[in-house]
Each structure stands twice: as C-alpha cells, then as structure tokens.
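All remarks here apply to the structure that follows.
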Protein chains: 2
Amino acid sequence: MNPHQSSAVTIRDVAQAAGVHVSTVSRALNPDKRGLISTEVLRAVEEAAQRLGYRPNRAASALRTGRTQTIGVLLPDITNPVFPPILQGIEASAAARGYFVFVANVADHVLAQPIVERMLAQRVDGLVMAIATRDDPLVDFISKAGMHAVLVNRADESGRLPAVVSDDRLAMKLAVDHLVATGHRRIGHLAGPQSVPTGVARRQGVEQALRDRGLEMACVAECEGYTREAGAAAMRKLLDENERPDAVVCCNDLVALGAYDVLRERRIEVPRDISITGHNDMPLVDMVNPPLTTIRLPHRELGWRAAEMLFDEIDGKALSASTVVLRPELVVRESTRRP
Amino acid sequence: MNPHQSSAVTIRDVAQAAGVHVSTVSRALNPDKRGLISTEVLRAVEEAAQRLGYRPNRAASALRTGRTQTIGVLLPDITNPVFPPILQGIEASAAARGYFVFVANVADHVLAQPIVERMLAQRVDGLVMAIATRDDPLVDFISKAGMHAVLVNRADESGRLPAVVSDDRLAMKLAVDHLVATGHRRIGHLAGPQSVPTGVARRQGVEQALRDRGLEMACVAECEGYTREAGAAAMRKLLDENERPDAVVCCNDLVALGAYDVLRERRIEVPRDISITGHNDMPLVDMVNPPLTTIRLPHRELGWRAAEMLFDEIDGKALSASTVVLRPELVVRESTRRP
DNA sequence: GTGAAAGCGCTAACAT
DNA sequence: ATGTTAGCGCTTTCAC
C-alpha cells in the first residue's frame with residue numbers, strides 16, 4: 001500500500017473533526033474502554049471516524065503496546081496435504097480474534113532459526129510450529145527468547161512447549177482392530193522411519209494392538225520416508241522376505257499407495273488377496289482403486305486447538321494442558337476385506 | 001512474544017555499547033547506508049549488535065517509514081490443492097526479499113472487503129489476490145485505497161489490476177490436439193460454470209481448437225461447479241442426451257473424476273470405450289484408475305510471478321506487463337487411448 | 001562520517 | 001468523562 005496517498009487520516013484528524021481530544025478518540029474506538037465515554041461523544045467520534053474513513057495504524061499501536069495482533073506459523077511444506085487443513089484451523093481461530101497469520105514455509109530445517117528470528121523482529125505475539133524435530137535446538141531458542149509457542153502435529157518430547165497432536169497409537173489400534181474383526185490374522189506393518197517420533201509411535205501402536213488381541217506382528221518393513229516410492233520399496237522387501245500376510249497396516253496413505261503399486265505389479269489383488277490400510281485420509285484416497293481404508297485425523301481441529309492454546313498463553317491464561325491429544329477415526333472403504 | 005522479557009535491547013543499547021550515536025547505528029545496520037560509515041565504527045556497531053543480540057523492531061521502523069515489509073495473500077480455500085503451490089511460490093518470492101506473508105482464507109466472498117480493510121490497517125505493502133469475481137467491487141475499493149495489488153489465477157476483466165494467469169484456451173487446445181492426434185473425432189466437453197471466466201474461456205478453447213481441426217463439438221454439458229458431484233451429474237446428462245462421444249475434455253480434474261464415477265457405474269471403460277482428459281494435474285490423479293491425462297499448470301510459478309510483479313510495483317518499477325499469461329502443459333497418462 | 005533533534009501514530013498513566 | 005503529557009524504537013533531515 002502506498003503510504004503517501006492512502007489513509008493519511010490519523011486519530012488526530014478524527015479528534016479534530018469530532019471536536020475532542022485524541023485520547024478520547026483512542027478510548028472511544030477501543031472496545032475495552034468504550035464504556036468510559038459518554039454516549040454523545042461516542043457517537044460523534046464514530047461518525048467522524050466513519051466519515052473520514054479512519055483506519056487505526058496498527059504499526060503505531062504495535063509500537064506503543066508491544067502487541068502486533070499477529071502470529072507466525074511455521075510449516076515444513078505447504079503442499080503436503082495434511083497442512084492446509086491445519087493452517088485453515090489456525091487461520092480461522094486467529095481471524096475470529098482479529099489476528100493475522102504469517103505463514104512461512106520452512107523448506108530446509110536449517111532455515112528455521114533465521115525465520116524465527118525474523119518473526120521475533122516482526123514482533124509476532126506467538127508462534128504455531130509444525131516443524132520441530134526431536135530435541136530441536138529451536139525449542140531451546142524459543143523458550144530462551146521468551147516467545148509464546150505451541151507445536152502442532154509434533155510433540156515436544158522435552159515437554160517445554162505445549163503441543164496438539166493426534167493419537168498415533170490409537171490410530172494404529174483402530175486399524176488393527178478393524179482388520180482382526182474382519183477375520184485377518186497374519187497382519188504386517190509398513191513402518192515409518194524409526195528416526196521420527198510418529199514412525200516409532202505408530203509401529204508400537206500396531207504391536208500393542210496386536211498383542212492386545214493375542215496376535216503377533218506377522219512381518220514388518222521400514223520405509224525411508226513417508227513417500228510413495230519408499231512405500232513401494234518397503235512393500236517389495238516385505239513380500240520378498242516373508243510369507244505373504246493377510247493384511248498390511250501402513251504408516252501413511254502415500255506409503256499405502258506405494259504398496260498398491262507393488263501389489264498391482266505382482267498381480268496381488270486388494271482386498272481379495274491382501275488388505276491394506278493407510279493413515280491421514282488425504283484427498284483422493286477415496287478415488288484410487290480400490291478406495292483406501294484409512295485413518296482420518298482431525299487436521300483442522302488440530303490447527304484450531306493449537307491456535308486457541310496459543311491465544312490463551314498470550315492472554316496470560318496458560319492453564320491448559322500442556323499436550324492435547326486428539327482422537328483419530330477409522331474410515332472403512334474397500335481396501336480391506338469384509339468378513 | 002512477551003514484550004517484557006525478550007529483546008528489550010534497542011538501538012539505544014547498541015549505540016551506547018558501541019560508543020556512538022543511535023543514528024550511526026541505524027545507518028550502520030541499513031545495507032543501503034552502510035557506505036557512509038567508517039570501517040572501524042561499522043565493525044564496532046556490528047560487534048555490539050551481535051553481542052547484545054539486537055534485533056531491530058520492525059513495528060518501530062514500519063511506523064517511521066510507512067513500510068512494513070509484509071504482504072497479504074487472499075485465498076478462497078487453502079484446502080483446494082491448486083492454492084498451496086501458488087502460496088508456496090508467493091512465499092518463496094517474499095522470503096527472498098525479506099518480506100513476510102499474511103495468509104487469509106476468504107471462505108465467504110462477503111468477508112473479502114473487511115479482510116482487505118484489516119490488511120490496510122495492518123499497513124501491508126501490497127496484496128496478492130486469488131479471489132476477485134468478475135466486476136468485483138473489491139477491485140474498485142483497492143484501487144481507490146491506492147493499494148498495490150496483483151491478481152493470481154484470476155484475471156481482472158476491467159484491466160485495473162495486473163494479473164498472472166494460465167492460458168485456459170491453450171490448455172484446452174493441448175487436450176483437443178492430443179485427442180485428435182490419437183484418432184478421436186467425436187469429442188465432447190464437460191464445461192465449467194459459464195458464470196465464471198475460466199468456465200467460459202475453457203469452453204471457447206475447446207470449440208476453437210476443434211474448429212481449427214475442422215471438427216465440431218460433438219456434445220457439451222455444463223457443470224454447476226468444479227466438483228466431482230457436478231462432474232458426475234453433467235456426465236450423466238451428456239451420455240443420456242447424446243450419442244456417446246469418443247472422448248470428453250473436462251474443464252477440471254475433479255469433474256473428470258466425477259465422469260469416471262458415472263462411466264464405471266455404466267460399465268463404459270476408459271480409455272477403451274471413451275477417452276477422458278482433465279485440467280490442473282492435481283495430486284494423486286496419477287493414482288486413480290486409469291491414471292488421468294490432464295493439463296499441468298505452473299501453479300508455483302503463477303504465485304512466484306505474481307509476487308515478483310507486486311514487489312516491482314511496490315518498488316516503483318511498475319513497468320511490467322499488466323497481465324502475464326503462463327503456458328500450461330499436457331501430461332499424457334492412461335485415460336486417453338493411444339493411436 | 002557522525003551527532004542532534006524531531007516525529008511517525010498511537011496508548012496509557014496521570015491529572016482534573 | 002475527558003484532557004494533558006510522555007514516549008514506544010526507529011529513521012531521517014539538518015548541522016557540523
């Protein structure tokens with residue numbers, strides 16, 4: 001916006017037009033202090049502000065109050081379909097409170113700290129982070145800087161930052177229970193990288209759920225990443241090194257789709273010969289062949305809740321639980337055999 | 001961020017530590033004015049700033065200069081897969097220039113103007129908008145306010161705002177030419193809503209491309225929206241009211257997927273009995289059955305270019321073309337019969 | 001090359 | 001209930 005031509009109208013102009021002092025205008029326009037102003041003056045100020053097209057300069061008020069009414073959101077990859085709904089939830093919560101959201105795509109984790117520093121300079125009131133690896137020095141930096149921050153879709157194992165996550169173990173239990181209930185007994189797992197918390201948690205979830213049913217893991221292979229290619233490679237390995245299982249619980253939808261690729265290539269039919277489950281319920285997995293049975297996460301709510309927690313912290317009522325765990329949900333489609 | 005505990009270090013502190021005046025510090029830390037400072041002083045200032053962990057307060061500099069180093073991005077729906085790459089492009093361009101990006105999800109178009117007003121109050125330096133309907137009063141509002149703005153994925157028919165778009169007619173021509181080259185003659189179209197510019201342009205594109213090849217449109221049906229359901233409904237209508245075409249050019253991938261649904265239901269096999277093309281190359285359309293032949297748009301570049309144009313405007317070098325049209329690309333998969 | 005001083009627009013004591 | 005005043009942290013003339 002060109003500062004020279006637009007909205008040169010300041011609180012001064014309004015005060016003059018309304019025939020009152022600037023501080024009166026400031027009060028009249030502040031919802032929290034409107035009560036202190038007489039009805040006539042209030043009306044006069046509002047009329048003048050309206051007429052002149054006054055728009056308070058947030059930069060000035062930010063300078064004065066130290067609060068910018070903005071928060072920052074750090075995402076590893078906006079194009080990964082899990083993040084848009086999370087962002088949407090955050091944005092909705094922020095918008096409802098009159099906050100704006102800075103979005104930064106942290107393509108490479110080494111850029112995270114510089115970005116956080118710039119956000120600090122920008123005086124954001126807080127941060128929602130979907131990045132943070134385990135034992136992240138960034139968490140350190142943030143607490144040292146005294147910034148308000150909440151993690152989303154990532155837990156802070158050191159417990160210094162509040163977080164909102166989905167229940168990975170429960171997710172896998174839902175998948176396993178569904179498979180067992182539909183008659184599967186030899187159940188395998190395509191595990192996520194064991195270097196990341198979700199990879200470990202989901203694998204443990206599968207093992208535990210199996211044990212609860214008196215079963216053992218039939219076979220397992222670890223993916224190098226949460227991608228279709230990694231899923232295909234792991235599936236190949238799984239099939240080559242083990243007797244074929246009845247069903248495979250995949251750590252993620254993309255991995256499941258990679259498994260589909262290999263099964264199609266080998267003419268093993270889903271779900272007739274083998275059942276497959278995913279995790280995330282990403283868009284269009286209901287369109288693949290066969291439509292994928294998967295776990296739906298409350299992504300939007302994850303974002304919403306994280307933002308709400310952040311605002312509570314900012315407002316000083318930081319009483320809330322430090323980690324909120326949301327419930328995932330099983331979505332049964334056609335990649336799992338019916339009983 | 002809590003203003004009380006963090007980064008209480010100001011330019012004053014640095015000045016004192018370095019034994020110089022604040023204005024000297026300001027100059028030393030401003031890349032454009034660093035030249036005016038002697039090497040020793042420069043070094044002393046930098047050392048002091050570093051040591052104290054000084055971080056310039058952008059709110060203060062924004063107040064003083066009228067520039068915030070932020071831009072706003074207005075999106076109709078972040079969860080629509082075309083927008084994340086656009087946003088990514090915008091964000092990358094902004095980050096490269098040290099700008100931050102406010103993202104606002106404009107769920108309902110009546111909210112657009114209030115949001116723009118808040119962005120104005122926030123003193124964003126400019127706006128990238130992926131919203132704007134035809135003859136949008138918002139465009140009016142923005143030009144009146146003297147804001148810098150660029151449209152993306154939407155053209156401003158009144159020509160008051162620069163825009164970056166993809167070539168819809170060319171997109172359809174690529175699809176039609178491919179179909180003709182692979183032996184199709186009776187070619188139909190599932191058109192987008194004729195109330196939106198892209199719906200009209202794509203339909204005209206199909207018609208023109210056909211005419212260029214000496215063919216006529218075999219049949220056409222209009223979708224009520226760019227959704228799978230609308231695509232299915234339109235496909236049903238198309239089949240019910242016309243002799244079956246060899247191929248159908250769809251206005252959009254989701255519509256094409258809706259067409260798939262109907263064809264599967266009627267046991268019409270793709271591409272043996274009929275060929276189908278989409279538009280957008282959204283994620284996973286390579287995973288559906290059969291993988292969809294479609295048009296890939298340079299979404300990320302759309303965003304990048306829009307942001308670059310905006311920055312040019314902000315910097316006063318608004319010489320660039322007022323509308324940039326980017327080339328889409330044909331992606332041949334298995335939903336179109338080979339010759 | 002550096003310092004002095006004013007002021008961006010707003011808010012919040014404090015005074016009345 | 002309203003006015004007075006000071007100042008948030010920075011940039012930018014204007015002096016020297």
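Fair warning: this is a prediction, and the values are worked out from it, not measured in the lab. A, B, ... follow the sequence lines: proteins, then strands. Residue 1 opens every chain.
- Remark: P of C:dC10 and CG of A:Asn57 are 6 Å apart, rounded to the nearest angstrom.
- The CG-C1' distance, from A:Asn30 to C:dC10, rounds to 12 Å in whole Å.
- Here the shortest heavy-atom pairing between A:Phe83 and A:Ala130 reads CE2-CB, 3.7 Å.
- Where A:Ser26 and B:Ser38 meet DNA chain C, the nucleotide closest to each residue was compared, and B:Ser38 sits on the side nearer the 5' end.
- One side chain, A:Arg67 or A:Tyr99, offers a donor N or O that lies under 3.5 Å from an acceptor on the other.
- Counting only distance, with no hydrogens or angles, the side chain of B:Asn105 and the backbone of B:Ile78 share a donor-acceptor pair below 3.5 Å.
- B:Ile37 approaches B:Leu42 most closely through the heavy-atom pair CG2-N, 3.7 Å.
- Rounded to whole angstrom, the span from the CD1 atom of A:Ile11 across to the P atom of C:dC10 amounts to 5 Å.
- Side-chain atoms of A:His21 lie closest to D:dG3 of the nucleotides D:dG3, C:dG3, D:dA1.
- The side chain of A:Lys33 places an N or O atom within less than 4.0 Å of a non-bridging phosphate oxygen (OP1 or OP2) of C:dA12.
- Following rounding to the nearest Å, B:Asp13 (CG) and D:dG9 (P) show an atom-to-atom distance of 9 Å.
- Remark: C1' of C:dG3 and CZ of B:Arg12 are 14 Å apart, rounded to the nearest angstrom.
- In the interface, the side chain of A:Arg27 is paired with the base of D:dG3 through a donor and an acceptor atom under 3.5 Å apart.
- Annotation: of the two residues near DNA chain D, A:Leu42 and B:Ala60, the 5′-most nearest-nucleotide partner is A:Leu42.
- Taking the side chain of A:Thr65 as heavy atoms from C-beta on, and the options C:dC10, C:dT2, C:dA12, the nearest nucleotide is C:dA12.
- Atom-to-atom, CZ of A:Arg34 to P of C:dT11 comes out at 13 Å; the value is rounded to the nearest Å.
- At a threshold of 4.0 angstrom between heavy atoms, the contacts of A:Ile37 are confined to the sugar-phosphate backbone, with no base atom among them.
- Straight-line distance from the CD atom of A:Gln69 to the P atom of C:dG9: 20 Å, rounded to whole Å.
- Nearest nucleotide to the A:Ser61 side chain, out of C:dT2, D:dC10, C:dC10: C:dC10.
- The distance between atom CZ of B:Arg123 and atom C1' of C:dC10, rounded to the nearest whole Å, is 11 Å.
- At a threshold of 4.0 angstrom between heavy atoms, the contacts of B:Ser23 include nucleobase atoms, whether or not backbone atoms are also involved.
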What's the verdict on salt bridge (Lys or Arg N to Asp or Glu O under 4.0 Å) for B:Asp315 and B:Arg97, showing C-alpha distance, side-chain angles and the deciding distance?
-> CA-CA 12 Å; B:Asp315 296 343; B:Arg97 293 164 182 259; 3.7 Å; yes

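- The side chain of A:Thr24 sits closest to D:dG3 out of D:dG3, C:dC10, D:dT11.
- Relative to the side chain of B:Tyr54, the nucleotides C:dT2, D:dC10, C:dA12 differ in distance, and D:dC10 lies closest.
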